[in-house]
Each structure stands twice: as C-alpha cells, then as structure tokens.
Amino acid sequence: MLSTHQRHAFTCAVTLALLGAGLPSVAAAAADRPDLSRFYDQRIKWSSCPGDGLPKDLQCGKVTVPLDYAKPADGTLDLAMARFRATGKSRGSVLLNFGGPGGPGVGELAAGGKDFMGLTNGYDVVTFDPRGVGRSSPVSCGEGTDEAMDAADPEAEVSDDPRAALEVLRKVAAECAEHSGPVLPHVGTVNASRDLDVMRQALGDKKLNYLGFSYGTRLGAVYAAQFPGKTGRLVLDGVDTLTEPLSEQGIAGARGQQTALEDFLDWCVEDINCAFGQDPRSARQEVVRLVGSLDENPVPADFGIPFSGQDLVGAIGQALYSKELWPTLSQALTSLVQDGDTRGIMRFSTGGSAVPGVRGPAEDGDTDGGLVDEGDVPLDNLPAALMAVNCADDPDRPSADQVTEDIDRLRAEYEQASPVFGRYRLAQVLMCFGRPRGTTYIREEVRDVDAPKMLLVGTRGDPATPYRWTTQTARRLGPSAVVLDNKGEGHTGYASSKCVHRKVDDFLLYGRLPADGSSCGSEE
C-alpha cells in the first residue's frame with residue numbers, strides 16, 4: 001500500500017501522463033465514481049428514545065446509507081443510532097461498537113452506558129445498530145440456524161452422509177437469503193466501515209474517534225485501512241484476527257470458551273445452590289449431559305419455540321464473556337434445571353423479542369430499508385447477523401469434495417477443543433457453505449495502515465479473542481499500533497480493569513498513549 005505522500009506523487013504523475021497523451025484525465029475518471037454527496041450532506045436529527053425503561057438522557061436518531069455503495073441509486077438503509085451528550089464542552093463524538101458481529105449497539109449503550117460516562121467529559125458518546133443488525137434492516141435465517149446445527153452434529157442422521165449434510169447447508173443458505181431480504185448481499189465489515197464514515201460526517205466530525213470491542217476491533221482496523229486520513233483516536237479492545245480462516249477462529253473460540261466454562265463451574269460449585277452440584281468434575285459432565293438432553297428433547301420457550309441444547313450452548317457462551325454475569329448465569333441455569341424455566345437463560349442469547357422470521361419493510365422487495373420496530377427484530381438476528389458478517393468477510397469457500405473429505409476431521413478437532421462448544425462453533429463455520437465467496441480485502445489489504453497511532457488492548461485470559469491475536473494484528477497494522485497488555489481475565493478489558501479503563505479514557509480524551517508493550521496487572 002502506498003503512503004499518503006507516495007499516492008499524491010503517483011496521482012500527479014499519472015494525471016500529467018494522461019493529459020500529455022490526449023486521454024481522459026484522472027479528474028474525468030473520478031467523475032464516473034458513484035455520487036454519494038446526498039449521504040455525506042445529511043445531519044442526524046436527535047430526539048428522545050421511544051420505549052419504556054430507557055435512560056432519560058439517551059437520545060436516538062438515524063443515518064441513511066446506500067444499500068450498495070457501488071450503486072447508490074438502487075436503495076437505501078436507515079441505521080439506528082443513540083447517544084449520550086457531552087456533559088461539558090464537546091470536542092465531537094466517539095463512536096462505539098460493542099462487537100458480535102451481530103450485536104445491536106443501541107440496546108447495549110442503553111443498558112451499559114454508565115461504563116462510558118467518563119468519556120462524556122469531552123465527547124458525545126454515540127453508538128449504532130450496524131446494517132443487518134437490531135433495528136437496522138435485521139437479517140434472519142428462520143429455522144436455518146437449527147438445521148445448520150444438525151449438519152454439524154456427529155450424532156445426526158446426516159453424519160453418515162456428508163453430501164446430505166451439505167444439502168442441508170445449501171438449504172440453510174437459501175433460507176437466510178429468503179428471510180433477510182435485499183440487505184444480506186451487502187452485509188459485511190467493508191460496507192459497515194463505509195457506513196462509519198457516513199456517520200462521522202453526519203455527526204460533524206472531521207475525523208473518526210472510535211472505541212471498538214471484539215468484532216468491533218475488526219471494524220476499526222478496516223476503517224483505518226479504508227480511511228486513514230479520516231482516522232482520529234482509535235481504541236481496539238479484545239483484538240480480533242485479520243488473517244486466520246474461520247475454521248481456525250472457531251477452534252480457538254471453542255477452546256477459550258471451554259476454559260471459561262470450567263472456571264465458571266469451579267466458582268459455581270462453591271455455592272450450595274449451583275445447578276450442577278458441588279464437585280467440579282461431575283459438574284462438567286452434568287453440563288454435557290444437559291446439552292445432550294435438550295438437543296434430544298427441547299423444552300418449550302417463549303412463543304412456543306423449542307429451546308435446544310445448542311440454544312443453551314449459545315446462551316452460556318455469551319454469559320461467559322464477563323465474570324460479572326456469573327451470578328445471573330448460575331441463577332438462570334438453576335431455574336432451567338429445576339423448573340424447566342428458560343426465560344433467564346434466553347436473556348443471554350437473543351438479540352430481539354419477536355418470532356424468528358418476522359421482517360421489516362425490506363421483506364417484500366422494498367429496498368428503502370427504514371428502521372424496524374424493536375418488537376419486529378427476529379429472535380435469531382444475533383446468530384444470523386454473526387454468520388452473515390463472518391461469511392461476507394471470509395474468502396474461503398471449500399468445495400463440496402473438500403468439505404466431505406474434511407468434515408469428520410473437523411468434528412473431531414472441535415470436539416477435542418470443547419465437548420460443550422465444539423459442535424456449536426463448527427456449525428458457525430459450516431454455515432458459510434452455499435453462500436457467495438466473501439471479500440479478500442480484509443485478509444490482503446488491511447496491513448501497514450498509514451493512520452495515526454491507535455491503542456490495541458489484549459487480555460491474557462480472554463476466552464473469545466486470544467492474546468496472540470492482539471500481537472499478530474499489531475504487527476500486521478504496522479507502526480501505528482500500540483499494544484496494552486492486560487494481565488486479567490474475561491473478554492475485553494475496558495469494563496473489567498480500572499487500569500485499562502483509565503488508560504483508554506486518557507488516550508481518547510487527552511491523546512495520552514501508554515508505551516507500546518506496557519501492561520495492566522490483574523484486578524485480583
């Protein structure tokens with residue numbers, strides 16, 4: 001990638017050469033680029049957020065972006081946004097992404113806004129529901145997610161016939177396309193990054209100040225590569241990989257979640273009310289048995305929807321990201337085991353409150369995707385959006401012969417990584433089969449970014465984004481990346497470490513960066 005200075009010199013040389021040859025100039029070629037001015041000329045109109053139980057000082061708005069940046073006349077999407085105003089003199093906005101992919105930002109900020117109040121000393125603290133997520137034209141797979149779990153299950157009927165499993169996955173891909181409408185082909189981090197730039201301009205900021213967690217670090221890194229001259233102060237906490245294929249990411253995630261589960265059970269069995277008894281080893285066996293039992297005989301949940309063992313695995317995986325959630329998780333598991341009550345555990349796994357398959361205005365071919373009501377967000381939006389973004393970001397599409405040859409080996413590797421999370425994580429990888437090939441941009445182009453210094457926070461005991469991803473991504477991004485080593489536990493460091501919290505705020509508010517390779521000690 002050329003530096004800014006090199007690009008300028010190169011452009012001038014090419015322009016002179018073309019003019020000298022009597023050919024169309026670069027300026028004329030630029031005129032052929034899609035006109036995005038109407039999106040960059042907008043300003044966000046803020047008002048009180050609708051709904052009960054939301055913070056009174058939280059404001060909501062929306063920004064309109066093109067469905068397809070290459071063809072902006074072909075339709076638009078509205079993206080839901082929310083903010084807390086700066087308490088003093090504002091220097092602009094800091095944009096937050098809470099991760100996923102598939103996590104709606106507006107609800108997260110409404111629920112956890114207190115963690116970011118320090119940033120309102122200088123900024124409006126802003127977040128959004130990315131395209132395909134939450135109220136922003138949410139994607140859905142209907143029953144497809146459950147069918148993908150069946151394809152990954154070594155005990156399922158299709159396990160003896162890998163070709164049958166692949167047919168299931170093709171059907172799942174078709175169901176996702178059917179339920180998601182026109183937004184699905186345009187979901188992915190490259191487009192979400194371009195949305196960020198439209199938001200930056202609509203907020204009135206010359207440069208993007210940004211705090212991204214987990215998947216949000218991938219989004220921030222892509223923005224720095226696409227818009228280095230518009231990059232302000234960026235913090236990436238819980239750093240995602242930019243290079244590992246989904247199959248390797250899934251194994252790393254399963255292994256990390258298994259370790260986190262065992263830590264939780266070691267804590268849980270100290271309480272007489274633990275759903276799995278008082279012995280750590282037998283507790284681990286009980287969890288495996290519970291998952292298997294629910295997969296064989298799901299229990300009814302809200303709206304009469306069956307709650308399976310894989311639904312339980314997904315919910316536990318979300319809850320394990322923070323030790324602060326352990327008491328609530330323990331109570332929810334006790335209610336499930338003793339009373340068959342799924343309400344507590346389902347709060348960890350759903351991104352909405354409606355029946356899967358309910359769609360907003362894009363379902364009948366309307367490509368002007370307005371915001372959907374909160375009650376119309378499909379229950380499966382979180383896993384459906386996670387799959388859509390990860391597949392859009394990953395260029396690997398093994399052939400049917402390759403999958404057939406590898407599926408038994410993959411099942412064994414994932415099962416070895418985690419007897420609880422292995423099947424779930426493998427299903428997430430397999431769901432890309434039958435979808436269009438994803439972009440090569442992230443893997444090939446997001447490197448040696450010509451952006452200002454940015455802060456990367458890696459947590460040693462992170463169950464979702466291993467610390468090695470932080471150092472690998474820092475090397476890939478180049479001299480701009482400064483690493484903070486958080487010697488703690490849990491997914492990301494900002495909410496769990498006072499030291500990390502302070503250093504991140506100092507950088508975002510005052511530009512004070514810690515030394516590269518400096519550390520924060522364990523809170524314990």
- Query: Mind checking whether S93 and M199 have side chains closer than 4.5 Å, heavy atoms only?
  - Reply: no
Which side-chain N or O atoms in residues 84-91 pair as donor and acceptor under 3.5 Å with protein atoms at least two apart or in another chain?
from : atom 1 : to   : atom 2 : distance (Å)
T87  : OG1    : T120 : O      : 3.1
S90  : OG     : G92  : N      : 3.0
S90  : OG     : G92  : O      : 2.9
R91  : NH1    : L509 : O      : 2.0
R91  : NH2    : L509 : O      : 3.3

- Check whether any side-chain N or O of Q42 sits under 3.5 Å from a backbone N or O of F39 as a donor-acceptor pair, and report yes or no. yes
- Find out whether V172 and M431 are in side-chain contact, i.e. whether some heavy atom of one side chain is under 4.5 Å from a heavy atom of the other. yes
- With distance as the sole criterion, is a donor-acceptor pair present between the side chains of S37 and D35 under 3.5 Å? yes
- Message: Strictly distance-based, threshold 3.5 Å: is any side-chain N or O of R233 a donor or acceptor partner for the main-chain N or O of N209?
- Response: no
- Message: Are the side chains of Y210 and V235 in contact, using a 4.5 Å heavy-atom criterion?
- Response: no
- Item | R397 vs C432 side-chain heavy atoms within contact, under 4.5 Å | yes
- Message: Show the nearest heavy-atom pair for residues H491 and S214, with the distance to one decimal.
- Response: NE2-OG, 2.8 Å
- Taking atom types as modelled, find out whether D485 and S519 have a side-chain donor-acceptor pair closer than 3.5 angstrom. no
- Under 4.5 Å between any side-chain heavy atoms of V457 and T492, yes or no? no
- Item | H186 backbone acceptor or donor facing N191 side chain under 3.5 Å | yes
- Query: Considering residues at least two apart in sequence or located in another chain, which fulfil the side-chain hydrogen bond (donor to acceptor under 3.5 Å, both in side chains) criterion with T473?
  - Reply: none
- Task: Test E415 against R411 for salt bridge (charged side-chain N to carboxylate O under 4.0 Å, His left out), laying out the working first.
- Result: CA-CA 6 Å; E415 177 72 16; R411 283 170 175 157; over 6 Å; no
- Under the 3.5 angstrom rule, does the side chain of N121 hit a backbone N or O of G118 as a donor-acceptor pair? yes
- One should read off an interatomic distance between T470 OG1 and Q472 CD, to the nearest 0.5 angstrom, of 9.0 Å
- Item | Residue pair A224 / L234: nearest heavy atoms and the distance that separates them | CB-CD2, 4.2 Å
- Query: Is the backbone of G458 close enough, under 3.5 Å, to the side chain of N486 for a donor and an acceptor to pair up by distance?
  - Reply: no
- Query: Is a side-chain N or O of D68 found less than 3.5 angstrom from the main chain of A73, in a donor-acceptor match?
  - Reply: no
- Task: Please determine, by modelled atom types, if R255 and Q258 share a side-chain donor-acceptor pair under 3.5 angstrom.
- Result: no
- Query: Looking only at heavy atoms, what is the nearest atom pair of F116 and L109, with distance?
  - Reply: CD1-CD1, 4.3 Å
- Side-chain donor or acceptor of D237 paired with backbone N/O of G493 under 3.5 Å: yes
- Item | Close side-chain approach of T64 and L77, heavy atoms under 4.5 Å | no
- Quick one: CD on E405 to CG on L410, what's the gap to the nearest 0.5 Å? 10.5 Å
- Query: Between L96 and F128, is any pair of side-chain heavy atoms under 4.5 Å apart?
  - Reply: no
- Message: Between D240 and T465, is the side chain to side chain donor-acceptor pair (under 3.5 Å) condition met? List the steps.
- Response: CA-CA 6 Å; D240 201 357; T465 51; over 6 Å; no
- Message: Can you confirm whether Q416 is buried at CD, in the sense that more than 12 heavy atoms of other residues, nucleotides or ligands lie under 6.0 Å from that atom?
- Response: no
- Task: Please step through salt bridge (charged side-chain N to carboxylate O under 4.0 Å, His left out) for the pair D394 and R443, ending with a clear verdict.
- Result: CA-CA 8 Å; D394 188 81; R443 192 176 293 178; 3.1 Å; yes
- Message: I'd like to know if the side chain of E108 reaches the main chain of G103, judged simply by a donor and an acceptor atom lying under 3.5 Å from each other, with no hydrogens or angles considered.
- Response: no
- Message: Could you tell me if the side chain of P452 sits less than 4.5 Å from the side chain of T231, heavy atoms only?
- Response: yes
- Task: Consider only side-chain N and O atoms of D197 and Y40, and report whether a donor and an acceptor are under 3.5 Å apart.
- Result: yes
- Message: Treating S136 as the side-chain partner and D129 as the backbone partner, does any N or O pair qualify as donor plus acceptor under 3.5 Å?
- Response: yes
- Message: Taking V183's backbone N and O only, do any of them form a donor-acceptor pair with S137's side chain (distance below 3.5 Å, no angle check)?
- Response: no
- Do you see a donor-acceptor pair shorter than 3.5 Å between the side chains of R218 and N97? no
- So, Y215 and T189: side-chain donor and acceptor under 3.5 Å apart, yes or no? yes
- Task: Could you check D41 against R38 for salt bridge (charged side-chain N to carboxylate O under 4.0 Å, His left out), going step by step and ending with a plain yes or no?
- Result: CA-CA 5 Å; D41 288 343; R38 70 184 178 110; over 6 Å; no
- Are Y494 and F507 close enough that their ring centres sit under 6.0 Å apart? no
